2 protein chains.
Amino acid sequence: MATQEWSIQEIARVAGTTSRTLRHYDDVGLLAPSRIGSNGYRYYDQHCLVQLQRILLLRELGLGLPAIADVLDGERDSAAALAVHLEWLRQERDRIDRQIASVTTTLRKLEGGEQIMATEALDGFDHTQYKDEVIERWGKDAWERGDDWWRSLSDEDKHEFKQRQHDIAGDFTQALKDGKSADSDDVQAIVQRQYDWIAVGWQGKRPTADEFVGLGQMYVDDPRFRANYDRHGEGTAAFIRDAMVAYAERVLR
Amino acid sequence: MATQEWSIQEIARVAGTTSRTLRHYDDVGLLAPSRIGSNGYRYYDQHCLVQLQRILLLRELGLGLPAIADVLDGERDSAAALAVHLEWLRQERDRIDRQIASVTTTLRKLEGGEQIMATEALDGFDHTQYKDEVIERWGKDAWERGDDWWRSLSDEDKHEFKQRQHDIAGDFTQALKDGKSADSDDVQAIVQRQYDWIAVGWQGKRPTADEFVGLGQMYVDDPRFRANYDRHGEGTAAFIRDAMVAYAERVLR
DNA sequence: CTTTACCTTGACGTAACGTCAACTTCTACC
DNA sequence: GGTAGAAGTTGACGTTACGTCAAGGTAAAG
């Protein structure tokens, strides 16, 4: 009546896997042998073989062992498990597709002789870097509006926007080097440009005095902003903050 | 002149990663801090920041840390590394696409009410299971011819082919139960069907006496074949072998 | 009785960190 | 100057699904 039994290697060959895998499935409680000899040997029967073949089938479809265990234990319908898995597979494929697109783009740029690494990386104004802070300070809507706006820009516009900021920061540094005070007219003129630049980034919403002061303080507190400004010259971030505070007092209040 | 230095957390925030990651990169030799304080603290400078941003850029493109290390050490051109990586990404996508197709097919069958697990899994005649043995015994060409032939069959033909084998094995088991001897005329008639069935699988090439005996012995020796035949009843494999040996002596020689 | 094949458990390695845990150091405040 | 809190350090374990030795006991064959 076919009450046959196999040793661990035999059933491994029957099912097309390895004995190590069988021991692993035993260890993690996925598939226990039907009998264990007094010598400790594992023996498997027909029922085990069926279970094992189910396991291997689901595994080939890419399911993880815990998910397979759920199906075998009857805690989850196999169709449901496969449907969930299918969704995961689709997301994985999308992720890889996006990576392929990124790599392809990068490769084209490299072939065009662009030095992506040194320049773009040093740019320091990848706006997505500030996502969490923006959301925390001004809410999720503000971030999404800003993000939409940023994405809507052409590469040229983006570059121009960042270039403006770069020039402003450079001028601040020069003024600092020249010994000008933060509330001098020269420096306040630079602050005016900074204010306008921010207003563009805010899509026309002009910062209040408090908001402007808050921004200036953040340039000093947040190491990412500080690094970006101090890149032009040490102390620039603090200098800009002082100038912004003076501007807020004199012009915005 | 912006000879700035950052602590580990600061540079982590600047670059948008974590201090743990920085320590890991230090551990694996990917990025060492520019200076280590007498207290053991890690400090990073501008150059480190640039390197780190290169690392993170490549990592986002999916490269592994060893590959990134090669690029940073100048041992490999970044374009070359990306090209290799792109090929790997494409293969991954293909693999996932195949899995998606498999899962989708399986899901459709399940919706159609088919009990894939219990039946197909128990079928026991997934011919790819025997690939290694076939190649070892009869060469690679034999396997490829057989594989092509098998793939060319429709699902119905495949089912019919397997059904024939199933019927034959069942008849052998019945004969064994009935106490018939392996060289009796009744049993030899079944062997005749078995012989014809094999010839179909060999695409008309009819086995010699030695080949036929060898096959019969393999049914007993190879646990996968033995399991398949003994599934019908214990001892069937050995009985079939005996019957095949008798047939080889009487008919084929 | 010995060789040979097969079985056992235990432990490390894999990719790239996340996450405690235990302990030391810096900074700020009273 | 003492102390709390933030930040730093070095381990070490966990993650996925086994592959791959290593050391030692068991079984089948000559």
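Because the structure is a prediction, the values reported are computed rather than measured. Hydrogens, waters and symmetry mates play no part in the numbers below; they use all other heavy atoms, side chains included. Here is how names work: the chains are called A, B, and so on, in the same order as the sequence lines, proteins then strands, and each is numbered from 1.
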Q) Which nucleotide sits closest to the side chain of B:Gln9: D:dC18, C:dG18, D:dG8? A) D:dG8

**Q.** Selected nucleotide, minimal atom distance to B:Arg42 side chain, candidates D:dT10, C:dC17, D:dG8
**A.** D:dT10

Quick one: [atom1] on [X] to [atom2] on [Y], what's the gap to the nearest 0.5 Å?
X        : Y        : atom1 : atom2 : answer
A:Leu56  : A:Ile68  : CG    : CD1   : 8.0 Å
A:Ile96  : B:Glu92  : CD1   : CD    : 5.0 Å
B:Ser102 : B:Leu107 : OG    : CG    : 11.0 Å

Between [X] ([atom1]) and [N] ([atom2]), how many Å, whole number?
X       : N      : atom1 : atom2 : result
B:Ile11 : D:dA7  : CD1   : C1'   : 16 Å
A:Arg13 : C:dC7  : CZ    : C1'   : 17 Å
B:Leu30 : C:dA15 : CG    : P     : 14 Å
A:His24 : D:dG19 : NE2   : P     : 9 Å
A:Leu65 : D:dT15 : CG    : P     : 13 Å
B:Leu22 : D:dG8  : CG    : P     : 10 Å
A:Ile8  : D:dA27 : CD1   : P     : 16 Å

Nucleotide N/O to protein N/O under 3.5 Å, stretch nucleotides 20-29 of chain C:
unit_1, atom_1, unit_2, atom_2, d
C:dC26, OP1, B:Asn39, ND2, 3.0

Q: Find which nucleotide of DNA chain C each of B:Gly64 and A:Arg23 is nearest to by heavy atoms, and output the residue with the more 5' nucleotide.
A: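 Nearest nucleotide further toward 5': that of A:Arg23.
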
(Q) Pick the closest DNA chain C nucleotide for A:Asp27 and for B:Pro66 by heavy atoms, then say which residue is nearer the 5' end. (A) A:Asp27

Q: Measure the angle between the two terminal helix axes of the helix from C:dC1-D:dG30 to C:dC30-D:dG1, five base pairs each, and quote it to 10°.
A: 30°

Q | Pairs involving residues 33-42 of chain A, ordered by first then second residue, that meet side chain to side chain donor-acceptor pair (under 3.5 Å) (sequence neighbours left out) | A |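 Passing the test, one end in residues 33-42 of chain A: A:Glu5-A:Arg35, A:Asp26-A:Arg42.
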
Q. Taking NZ, NE, NH1 and NH2 as the nitrogens, is one of them in B:Arg253 or B:Asp210 under 4.0 Å from a carboxylate oxygen of the other?
A. yes

Classify [X] by what it touches in the nucleic acid, base, sugar-phosphate, or nothing, heavy-atom distance under 4.0 Å.
X       : value
A:Gly37 : nothing
B:Thr18 : sugar-phosphate
B:Ser7  : sugar-phosphate

Q: Show your working on side-chain hydrogen bond (donor to acceptor under 3.5 Å, both in side chains) between B:Thr18 and B:Thr21 and close with a plain yes or no.
A: CA-CA 5 Å; B:Thr18 70; B:Thr21 299; 2.9 Å; yes

